[in-house]
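Proteins get letters first, then strands, A, B, ... in listed order; numbering begins at 1 in each.
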2 protein chains.
Amino acid sequence: MPASPANDPSLHSWIDIRPTDDFPIQNLPFGVIDVPDWGPRLAVAIGGYALDLYACAQLGYFDSVAEDVPELGAVLPKVFRRRSLNAFLKLGPAAWRAVRERVSELLRHDNPTLRDNELAMRTCLLRQRDVAMLRPVKPTNVTCFEASRTHALNVAQLLGGANSLGANWHHQPFAYSGRASSIVVSDTDIRRPSGLHVPAGQTEPAFGPTQQLDFELETAFVVGQSTTLGTAVPVAQAESHIFGVLLLNDWRARDLQRWLAQALGSPVDKDFISSVSPWVVTLDALEPFRVTGPAQEPEPLPYLQVSGEQHFDLHLEMLFKPAGSTVAPLVLSHTNTSTNYWSMAQQLTQLTANGTALEAGDLCASGASSGLTSGALGSLAELTQGGTQPLSLPNDLHLSYLRDGDTVILRGYAEKNGLRIGLGEVHGTVLPATT
Amino acid sequence: MPASPANDPSLHSWIDIRPTDDFPIQNLPFGVIDVPDWGPRLAVAIGGYALDLYACAQLGYFDSVAEDVPELGAVLPKVFRRRSLNAFLKLGPAAWRAVRERVSELLRHDNPTLRDNELAMRTCLLRQRDVAMLRPVKPTNVTCFEASRTHALNVAQLLGGANSLGANWHHQPFAYSGRASSIVVSDTDIRRPSGLHVPAGQTEPAFGPTQQLDFELETAFVVGQSTTLGTAVPVAQAESHIFGVLLLNDWRARDLQRWLAQALGSPVDKDFISSVSPWVVTLDALEPFRVTGPAQEPEPLPYLQVSGEQHFDLHLEMLFKPAGSTVAPLVLSHTNTSTNYWSMAQQLTQLTANGTALEAGDLCASGASSGLTSGALGSLAELTQGGTQPLSLPNDLHLSYLRDGDTVILRGYAEKNGLRIGLGEVHGTVLPATT
């Protein structure tokens, strides 16, 4: 794939953007905004603003693109007036790239089209704080991978007492299916779930609110191009099916999980809710941040063999704001997606190897991206040794698992040569159980 | 719930229906038909015919119902011109019952409305063999339960060498999430899936087509009324969220499953495809067939306690037609859903206990309904002791797992006092692997 002109590091916009902002002109992630009185529409983030793609299309700003990409032209402007990116994703990579590159042109410092048309600017450019962000995609399928070897080992030790992974772990990316209804956008409150667990000091199970509410620091990739049932995707072509990446907070109930003695595959301890960040950063925008991943030993079988830089150098941060706190959130952990053992391409190929179909808007979560050091772990269970060694925080606070009112914030960004491409944030605050 | 007048065993239709037919006037299951030139529409099965609900609505046959149930009236006739039952299900139980009871009236032997109007009859009543059946629902979520204790024990023994179930099995229905894209309607061919497995006589894994293609004889319930994220459904109200029941063939690749050493939760060995029967039999129609299920010992905790007849006396048959055979299919097994340990109400309550949301059209599969005798097992793995004791069939055929060209047919029906309420059939034929 040739680099997109929208990635040019020398570009700058007529919109004022701080160097630490997640959304410079080289990023241009896609999301869905809900504007009071106007309803939902697709948008691109630029600095602190959202560019309303539907309004832009109505003003004719995509007419040239519509000519070049007829499948997009046929559905403009209404494809931008939807509650999810799905219909736009179905148009395919040519449409995604053409729109991103046209947006880049419109926002370039020397382009007067929008810059010097105050009425149009006021129509198309909305402050992010004035709009509500909706869930960016409506997934048909949700897949939960376990891409991090360190995380897999930690979970095996904490839940099963095992000191090594099964031989099969290194031969294929593990995954299980998730629940589409439970995918919510950032800022959705997290109701504490109930279930069976063995309360501390007891031997028999009881039903009630989880006492070990945890979460996992993850990214997920968004499927763009669908596949046909019964057809596998060769690993060399896997990335052409990926539209972009977002942050995913996979909330977990560790006591419910331990009672099931089933690390994988149980909806009881995890399917109740997962939060995603509102802006999907395109794989195109992440192109400059490719890196190699960990050595894969034993070598994967041919269907999973890839060469070159298949991982992305994405920093991930876990932040925590205790209930009632009014000060800035505390950083609990700092890790990187390039510590994942399996690449996104390998995950996607594994998923389709048995003929499973992908649909536009599907989500594939990485599992917690735990790094090798103690400050790089992707869940509270790992940071606190299963809750036995609470973290000491300011104000005499000891954190093992989440309490009602606690807020978790996940952040992600790539950074190189002064250019920062951010994933934004995903927030969630714990509400007390109802049952 | 008072018995519906549509269940009256003395009713008979002006359409000629054999006593062994699955679809007498007391059944009236819902499905989606695709009519050449007309497109998809909702229908009700009666004998060998499909009653086109959209055509009936256009002819005014639901006008009286529309007055009684305004939420239905507001969306008639277009709610019947859809590719799935979902929009109709969202209208709720009052609408489902009103439509079924009105259809019952129209088809009653002494009602001349349709019977004596030849043009209307030809418009509304189509031979099932002249229409294509579509997948009846578009599930947002698919959940796979393991409701049968016998099946759970058999799988634990075959895959893990265990002779008993974990203590937790009897405390709550186990489940994991499935894949919505992989739900296909009966008669869809089954492409043999590929994956990692250890070939016979070897110790290292290889990638290739499964050599142990199996399936499971299951039913699934269709969610009618949705729930809200964060809200549990009390077990006494669980059935009000269930619209009906269909047959589900959960195709499995046992060697892929064994390699993962993971009985539950892996999409590799099961998420590639599951076939469902095209007609959804309503819970209303099954009301006369309630029975008590197996004793539950230890007693479930209060959130799962129910009294009365929570199971349904549904016979299930597994039939097999070897590749190339032109004779009638062979019956391999005969079991009953009432052997399931957990009731549908308990499954649904367990699923929502942690706040998981249900959506109209969701599917909840039972897992194989294996009975206690050797002729009542719900999968080939169980019938052949993991493939080690092949079944001896006519013409010197020995069956362990499925070969290319083999066809599996699942049937289900309730029968009492001469009345038969059938689920119909679900068929699938194995195609060779492509990879």
**OP:** Any chance you could lay out the side chain to side chain contact (heavy atoms under 4.5 Å, CB included) test for L196(A) and N168(B), step after step, and finish with the verdict?
**Re:** CA-CA 9 Å; L196(A) 280 184; N168(B) 48 17; over 6 Å; no
**OP:** Considering only heavy atoms and a distance below 4.5 Å, find which of L301(B), D362(B), L431(B) pairs most often with chain A.
**Re:** L301(B)
**OP:** To the nearest 0.5 angstrom, please state how far the CG atom of D189(A) sits from the CG atom of L229(B).
**Re:** 11.5 Å
Subject >> Most contacts with chain B, counted as non-hydrogen pairs under 4.5 angstrom, among S226(A), G178(A), P139(A), A206(A) >> reply: G178(A)
Original post:
Do T143(B) and R179(A) have side-chain atoms, one donor and one acceptor, less than 3.5 Å apart?
Top reply: yes
Original post:
Side chain, backbone, both or neither: which part of L358(B) has an atom under 4.5 Å from a heavy atom of chain A?
Top reply: both
Original post:
Say you draw a straight line from CD of Q350(A) to CZ of F207(B); how long is it, rounded to the nearest 0.5 Å?
Top reply: 7.5 Å
**OP:** Return the option, out of G355(B), P302(B), S182(B), P205(B), with the maximum number of heavy-atom pairs under 4.5 Å with chain A.
**Re:** P205(B)
Subject >> Contact leader toward chain B among V184(A), L304(A), T140(A), where contacts are heavy-atom pairs under 4.5 Å >> reply: T140(A)
Original post:
So how far is it from R191(A) CZ to T231(B) OG1, rounded to the nearest 0.5 Å?
Top reply: 8.0 Å
Subject >> Least distance between heavy atoms, N141(A) atom then S181(B) atom >> reply: ND2-OG, 2.5 Å
